[in-house]
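As structure tokens, the structure follows; a few thoughts come after it.
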Amino acid sequence: MGWRDVVYGAYERQVLKDLPRESLPRHVAVMLDGNRRWARARGHGTTSGHQAGADKIEELLGWCSEAGVEYVTLWLLSTDNLHRPAAELEPLLGIIETAVADLADSGRWRLQIVGALELLPEGTAASLRDSAERTRHVDGLTVNVAVGYGGRREIADAVRDLLLERAAAGQSIEQIADALTADDIAEHLYTKGQPDPDLVIRTSGEQRLGGFLLWQSATSEFYFCEAYWPDFRHVDFLRALRAYAGRHRRFGT
């Protein structure tokens, strides 16, 4: 172990020690961004970047469990990503299927797939559903795996489901509109029944949501990290938690 490792380890332990455990987030959402740029910077193909990003996921979930986080949402593939060339998209879908299956096989996490699965190839959707089903009785960190996910699509799907549900109950469009509340829509989101994310982390230096959890992140705190996702370290995660714990969440009051 070199002196840099010793210094880094000491710094990491100090950051962890200083974290106020009572002020840490219950739900952390992460935009796993920068895989392709990470690969290009090393002269590699995009598939190697996606694989390196997938290999980082279990490590992150371990950090979250250690910190007492109860819910994690991971954005692995957006609806826009589905328009990428087949030469990139097909290997990426295979990497995602394998990564999610490996998480299920670990028996440590309870998985929930969120997104428009009908937009995915049938085999991919079936694989993801099977992985999630195998974790249905796991008591542990709940991990939302966002694949084929878009925030606008989610809200449209929620409103559509609500309208169909109430129309089936015999309500007219006027009755539905008159009684409609924000809570009604929230009850039809992909993440219904879960607390909204307290902290949203985006890697790679980009500072925008890009459609991630548009409804749920209304009162979230945001943390933007310069590191590409495959390079995201434990200390980067701890810094995000420290930044979150140091903010005063007023919720408009």
Side-chain angles (χ1 to χ4, degrees), residues 25-31 69-83 93 96-97 100 104 109-200 202 208-222 249-253:
R26 292 182 63 202
H27 186 169
V28 174
V30 187
M31 305 172 72
V69 175
E70 300 172 37
Y71 300 87
V72 175
T73 299
L74 305 172
W75 199 8
L76 302 189
L77 188 77
S78 72
T79 51
D80 291 337
N81 295 154
L82 294 172
H83 300 298
L93 290 172
I96 290 173
E97 289 178 37
V100 175
W109 331 112
R110 182 173 185 175
L111 306 182
Q112 178 170 318
I113 311 302
V114 298
L117 293 188
E118 65 273 17
L119 299 181
L120 302 177
E122 184 177 341
T124 298
S127 175
L128 296 176
R129 289 192 186 98
D130 176 70
S131 292
E133 178 62 24
R134 288 189 285 118
T135 70
R136 191 161 55 93
H137 299 296
V138 173
D139 291 326
L141 180 69
T142 295
V143 181
N144 298 315
V145 182
V147 182
Y149 176 86
R152 290 179 175 176
R153 173 80 183 219
E154 178 181 24
I155 294 169
D157 284 347
V159 173
R160 184 180 303 110
D161 288 347
L162 184 152
L163 292 174
L164 291 172
E165 176 185 272
R166 298 205 174 173
Q171 294 186 24
S172 68
I173 190 66
E174 291 80 11
Q175 289 172 318
I176 297 171
D178 185 59
L180 185 64
T181 68
D183 288 341
D184 294 331
I185 296 174
E187 289 172 1
H188 290 79
L189 296 173
Y190 301 149
T191 58
K192 57 183 176 292
Q194 299 182 11
D196 290 339
D198 304 292
L199 173 64
V200 177
R202 180 166 189 168
R208 61 179 183 274
L209 277 178
F212 186 44
L213 300 178
L214 292 178
W215 183 285
Q216 297 92 327
S217 65
T219 60
S220 300
E221 298 293 330
F222 297 93
R249 305 185 74 196
R250 293 182 293 275
F251 300 102
T253 62

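- Of all heavy-atom pairs spanning Tyr149 and Glu154, the tightest one is OH-OE1, 2.5 Å.
- Counting heavy atoms from C-beta on, the side chains of Glu221 and Asp198 never come closer than 4.5 Å.
- Remark: side-chain polar atoms of Thr181 are paired, donor with acceptor, to backbone N or O of Asp184 under 3.5 angstrom.
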Requested in this report: Determine, stepwise, if the pair Lys192 / Glu187 fulfils salt bridge (Lys or Arg N to Asp or Glu O under 4.0 Å).
Outcome: CA-CA 5 Å; Lys192 57 183 176 292; Glu187 289 172 1; over 6 Å; no

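- Distance alone, capped at 3.5 Å, places no donor-acceptor pair between the Arg110 side chain and the His137 backbone.
- Between the side chain of Ser220 and the main chain of Leu199, no donor-acceptor pair closer than 3.5 Å is present.
- Nearest heavy atom pair, residue Ile113 against residue Ala132, reads CG1-CB, 3.9 Å.
- Among Val145, Val147, Leu119, the single residue meeting the side chain to side chain contact (heavy atoms under 4.5 Å, CB included) criterion with Leu77 is Val147.
- Within the 3.5 Å criterion, the main-chain N or O of Gln175 finds a donor-acceptor partner in the side chain of Ser172.
- Side-chain atoms of Asp130 do not come within 3.5 Å of backbone N or O of Ser127 as any donor-acceptor pair.
- Atoms CD and CZ, from Gln171 and Arg166 in turn, are 5.5 Å apart once rounded to the nearest 0.5 Å.
- Proximity of Leu164 to Leu162: side-chain heavy atoms (C-beta onward) are nowhere separated by under 4.5 Å.
- A pairwise comparison of heavy atoms in Gly210 and Trp75 identifies O-CH2, 3.2 Å as the closest pair.
- If you take CD1 on Ile96 and OG1 on Thr124, they are separated by 8.0 Å, rounding to the nearest 0.5 Å.
- Between Val30 and Thr73, the closest side-chain pair of non-hydrogen atoms is not below 4.5 Å.
- Within 6.0 Å of CZ in Arg152 there are 12 or fewer heavy atoms belonging to other residues, nucleotides or ligands.
- Between Ser217 and Leu214, the shortest heavy-atom contact is OG-O, 3.7 Å.
- Between the Gln112 side chain and the Tyr190 main chain, a donor and an acceptor come within less than 3.5 Å of each other.
- Between Glu118 and Arg153, at least one side-chain nitrogen of the basic residue sits less than 4.0 Å from a carboxylate oxygen of the acidic one, meeting the salt-bridge criterion.
- Val114 pairs with exactly one of Leu213, Asn144, Leu74 by the side chain to side chain contact (heavy atoms under 4.5 Å, CB included) rule, that one being Asn144.
- Here the straight-line distance linking atom CG of Asp178 with atom CG of Leu180 works out to 10.0 Å at 0.5 Å rounding.
- Of all heavy-atom pairs between Leu111 and Val100, the closest is CD1-O, 3.6 Å.
- Ala29 approaches Phe212 most closely through the heavy-atom pair CB-CE2, 3.6 Å.
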